Number of protein chains: 2
Amino acid sequence: MRTTTAVRPGGRSARVQQAVHDAVRQLADEVERDQLTIPLIAERAGVTPSTVYRRWGSLKELMAHVAAERLKPEAEPQDTGSLAGDLLAWAGEFMEDMVSLPGQQVLADALGSTDAALKGRCRQWQCDQVSLFLARAHARGEIVSCDIDTLLDLIMGPLTYRLSYAPDTVSESWLRRCIARALGSM
Amino acid sequence: MRTTTAVRPGGRSARVQQAVHDAVRQLADEVERDQLTIPLIAERAGVTPSTVYRRWGSLKELMAHVAAERLKPEAEPQDTGSLAGDLLAWAGEFMEDMVSLPGQQVLADALGSTDAALKGRCRQWQCDQVSLFLARAHARGEIVSCDIDTLLDLIMGPLTYRLSYAPDTVSESWLRRCIARALGSM
DNA sequence: GGGTTTAAAGCAATTATTTTGCGTTAGGAG
DNA sequence: CTCCTAACGCAAAATAATTGCTTTAAACCC
């Protein structure tokens with residue numbers, strides 16, 4: 001098992017990680033998935049293949065790490081003025097990202113990993129987002145009767161499930177119903 | 001894209017498919033995941049590697065096919081006398097299978113695929129199961145106010161989500177609450 | 001700051017896997 | 001029974017993965 005995260009954060013190590021991740025994202029838009037190889041990625045990143053093998057182990061693990069990074073929220077999610085609105089904006093954007101063909105690849109790469117630490121991090125990011133929405137709601141004085149886990153179970157659960165098994169069956173109206181149900185439950 | 005399913009069903013082709021699938025299942029219990037290679041599988045199955053490459057394309061796709069097969073229900077699920085009971089028995093068995101280490105691999109292999117047809121088949125099997133439970137409930141005279149999709153959204157959604165991102169947080173009591181919520185909703 | 005230590009990267013040789021062209025085999029159709 | 005063809009086997013060639021050793025550059029300690 002390799003560590004991959006923040007080994008000697010400032011310096012060459014970090015630059016290599018950045019270069020490799022960038023190379024993967026670039027090449028994902030340029031070549032078919034089955035010709036996306038580690039030697040190709042290494043060349044684009046300006047490093048030797050053995051560096052990639054030693055740090056990430058395999059293409060599968062590398063793709064999982066890059067995919068997980070794309071699941072990480074980059075900016076503060078918008079404040080819509082209500083919990084339901086915040087959840088819809090957030091989950092809606094996720095939904096739109098992941099129904100697309102590249103999004104489907106990202107989701108598959110992330111879910112295809114068995115790295116528990118990686119999955120745990122993804123889960124934590126989602127918890128953090130929902131936690132932020134709940135804090136906002138509380139600050140507004142909204143009465144909320146459900147916890148983070150239940151919201152994730154009833155929103156991200158069905159959403160991830162459908163995105164994986166039947167991506168053509170998701171829609172904004174369906175997502176609205178999920179959110180309404182989640183907020184109404186308990 | 002390859003077809004894989006039922007090409008010249010009766011004959012050599014089917015025997016090869018069987019032998020290869022069997023070899024994968026055997027070897028999955030014997031060797032670490034990263035030394036499970038196509039040449040190894042081919043040797044165990046008594047075929048040449050090129051046969052496997054030509055039919056399945058890559059290890060990833062082969063594993064996805066084998067994993068999907070394990071998600072297919074083999075026997076008629078037990079009739080417990082109530083819809084809630086049927087759902088709990090079925091989803092509970094799925095949960096127990098998939099929290100285990102080999103189960104986690106199977107789930108990751110299946111979810112890691114981007115073969116829409118394969119995913120669609122998995123979804124269909126689950127629809128069929130729930131449909132059967134609903135038919136039984138109807139025959140018993142149970143009043144049921146929710147449809148197949150909602151039951152899958154509220155049971156298999158959260159379950160698959162948690163099995164993927166936080167397998168240590170599932171439990172039978174949690175699953176019971178999911179099922180109760182699903183049956184009470186709408 | 002300058003010297004020391006040590007992860008991590010580069011390089012190159014070795015090994016393993018993947019691809020491919022072509023001959024062969026065995027189901028399926030007439 | 002014979003022909004036709006998809007799928008398999010075989011072996012050579014191309015490509016990718018592994019590994020031992022060397023070199024580089026962060027990090028650490030005076």
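Just so you know, these numbers come straight off a predicted model, no measurement behind them. Lettering follows sequence order; numbering is per chain, from 1.
- The B/Ser13 side chain lies nearest to D/dC8 when the options are C/dA9, D/dC8, D/dG9.
- Between A/Pro49 and B/Thr51, the one whose closest nucleotide on DNA chain D sits nearer the 5' end is B/Thr51.
- Ranking D/dG9, C/dG27, D/dA16 by closeness to the B/Arg15 side chain, first place goes to C/dG27.
- Checked by distance alone, A/Arg54 brings a side-chain donor or acceptor within 3.5 Å of a matching partner on the base of D/dG20.
- Counting only N and O atoms by type, the side chains of A/Gln26 and A/Asp22 include no donor and acceptor under 3.5 Å apart.
- Side-chain nitrogen and oxygen atoms of A/Thr48 include none within less than 4.0 Å of the OP1 or OP2 phosphate oxygen of C/dA9.
- One atom, CD of B/Glu43, and another, P of D/dG9, lie 13 Å apart when rounded to the nearest Å.
- Straight-line distance from the CG atom of A/Leu59 to the C1' atom of D/dT18: 16 Å, rounded to whole Å.
- Counting distance only, with no hydrogens placed and no angle test, the side-chain atoms of B/Ser50 and the base atoms of D/dC10 include a donor-acceptor pair under 3.5 Å.
- Without hydrogens or angle criteria, B/Gln129 side chain to B/Trp90 main chain gives no donor-acceptor distance under 3.5 Å.
- No engagement by A/Ser58 is indicated, since no non-hydrogen atom pair under 4.0 Å with the nucleic acid exists.
- One atom, CG of B/Leu40, and another, P of C/dT17, lie 8 Å apart when rounded to the nearest Å.
- Counting heavy atoms from C-beta on, the side chains of A/Asp97 and A/Val106 never come closer than 4.5 Å.
- With salt bridges taken as basic N to acidic carboxylate O contacts below 4.0 Å, one links B/Asp109 and B/Arg33.
- With A/Arg136 contributing its side chain and A/Thr80 its backbone, the two residues share no donor-acceptor pair below 3.5 Å.
- One atom, CD of A/Gln35, and another, P of C/dT19, lie 11 Å apart when rounded to the nearest Å.
- Atom CD in A/Gln17 sits about 10 Å away from atom P in C/dA9, given to the nearest Å.
- For B/Ile38 and C/dT17, the CD1 to P distance is 10 Å, given to the nearest whole Å.
- Taking atom CZ of residue B/Arg12 and atom P of nucleotide D/dT5, one finds them 16 Å apart after rounding to whole Å.
- Here the nucleotide nearest the side chain of B/Pro39, chosen from D/dC8, C/dT17, C/dG10, is C/dT17.
- Taking atom CD of residue A/Glu61 and atom C1' of nucleotide D/dT18, one finds them 15 Å apart after rounding to whole Å.
- Residue A/Arg55 places at least one side-chain N or O under 4.0 Å from the OP1 or OP2 atom of C/dA9.
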